[in-house]
Amino acid sequence: MISDPEFDILVLGATGYTGRICVEHLASNFPTNLKWAIAGRSASSLENLKDKLQSIDPDRSPPATIITQLEHDALHELVRRTRVVINGVGPYHRYSEVVVEACASAGTHYVDFSTETPWIAEMVHRYHDTAEESGAVIIHAASNSSSPPDLLAWLIASKIFQVSGKRTKAIVASGKLEMAGMQGGSAMTVLDSAQHYGVGWLLHPNNYCTVPNGIPRTQRSNYLGYTKDQNLGILTTSLVGVSNSAIVQRSAYLQPDLYSKDFVYSEYQPAPNKIAAIVTHLFMKFAILLLALPPIRALIRKLSYKPGTGPDWRQSAKTESVLIKAVGTGEDGTQVRGHFEWKGAIVHISAIAAAEAAGVLVHKAKNGDLVGKGGTLTPSFLGEELVERLKKQGCVFEVQAL
């Protein structure tokens, strides 16, 4: 990356559903001297988006518009002109490896909205060394899945260390999502991932897929999905826990001063009673099996929103929410409770989280704080600065010793 790049932030896939919300957040909340660009395949869509952004803040300089097809040479030239890329081009396994490779090679910092755990694991193993050498900070899953759980786990582990001087050996989390509907791009990503990778990674998730091979791990199967925790109550299987666990376990691997070598992160969702927990678990596994059938995927495609469209997120904000409760245990038995809450559209907090992560990277890069810290990292690498930014946007983070 050049020392003074043309753009602070480049948003790829800016005209997509989440991409549009992300750039609207940038236009509404970031400094007016931000040097930024929006990129996509359609010149008319980019110009329409640019006009909308100008109406949000007429005093702000509009972003540059760049038409790109993600062609290798042109993409390498483009990312060298920017400090941080926000990548909203999905499904990621189909389109975005070239973006990760370009950023890792050029030393350009990178965040995305991906929840495609097998793809993230592939990118970690293929490009971590390249990014480490170039100085690029690559952060996948910088959205609702998995910034809030990863940051909450980091806050809990930090509090345990502050109280006891010991590392954290386990965190159990209970995450509850209230969703009004799924936008088209997310639905297509789920279906395409099931077609490309199969459904085994959802049926039998590997929580350690983002850490190097050869580290001894034990992972117990829970065939009924029922768990009871003395602090969190009755719990059952969580689909988003598949993605979140892989990210938090990588954070633990990258931060051995905070997490013990045999650290385990377990994420569930709450259930009212044991029967409901078991029924929810079995229904979820059955639904995953159905995704393996091409006719079922074709039917869901037909019934879902088209990519780039979805429910009105401003209306969804009235009913959607995220609530994560977690308890961490230190090596000496010290326990800390954590709490995250967001009231609003889930796609909105996803867009905000990625945008604010990019903002932290821009700030740190300009201050020289990222020198020698490249590699495939996680949202919690951005630490307290990202937490404080998200709090200003309405997120609640709380931790306390038990």
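FYI, the numbering just counts along the sequence from 1. These numbers were taken from a predicted model, which means no experiment stands behind them.
Residues Gln183 and Tyr305 have side chains not in contact (no heavy-atom distance under 4.5 Å, counting atoms from C-beta outward).
The structure places CG of Leu46 at 11.0 Å from CG of Asp51, a figure rounded to the nearest 0.5 Å. Here Thr18 contributes atom OG1 and Phe113 contributes atom CZ; the two are 6.0 Å apart, rounded to the nearest 0.5 Å. Separation of atoms CH2 (Trp201) and CG (Asn206) is listed at 12.0 Å; rounding is to 0.5 Å. Taken to the nearest 0.5 Å, the OG atom of Ser61 stands 8.0 Å off from the CD atom of Gln54.
With Pro379 as the partner, the side-chain contact (heavy atoms from CB on, under 4.5 Å) test is satisfied by one option alone out of Val360, Asp150, Val111, Val248: Asp150. Just one residue in the list Leu232, Val172, Val336 forms a side-chain contact (heavy atoms from CB on, under 4.5 Å) with Val327, and that residue is Leu232.
At least one donor-acceptor pair closer than 3.5 Å links the side chain of Arg250 to the backbone N or O of Thr376. Between the side chain of Thr210 and the main chain of Ile247, no donor-acceptor pair closer than 3.5 Å is present.
Atom NZ of Lys285 has more than 12 heavy atoms from other residues, nucleotides or ligands within 6.0 Å. Atom NZ of Lys343 sits in a sparse spot, with 12 or fewer heavy atoms from other residues, nucleotides or ligands closer than 6.0 Å. Annotation for Arg301: atom CZ counts as buried by contact number, over 12 foreign heavy atoms lying within 6.0 Å.
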Which atom pairs, donor and acceptor, lie under 3.5 Å between side-chain atoms of residues 382-393 and protein residues at least two apart or in another chain?
unit_1: Glu385; atom_1: OE2; unit_2: His363; atom_2: ND1; d: 3.0
unit_1: Arg389; atom_1: NH1; unit_2: Glu356; atom_2: OE1; d: 2.8

- Take Glu331 and Lys169 through the test salt bridge (charged side-chain N to carboxylate O under 4.0 Å, His left out) and record every step on the way to the result. CA-CA 6 Å; Glu331 293 172 317; Lys169 67 178 184 179; over 6 Å; no
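Using a 4.0 Å cut-off between a side-chain N of Lys or Arg and a carboxylate O of Asp or Glu, Arg126 and Glu101 do not qualify as a salt bridge.
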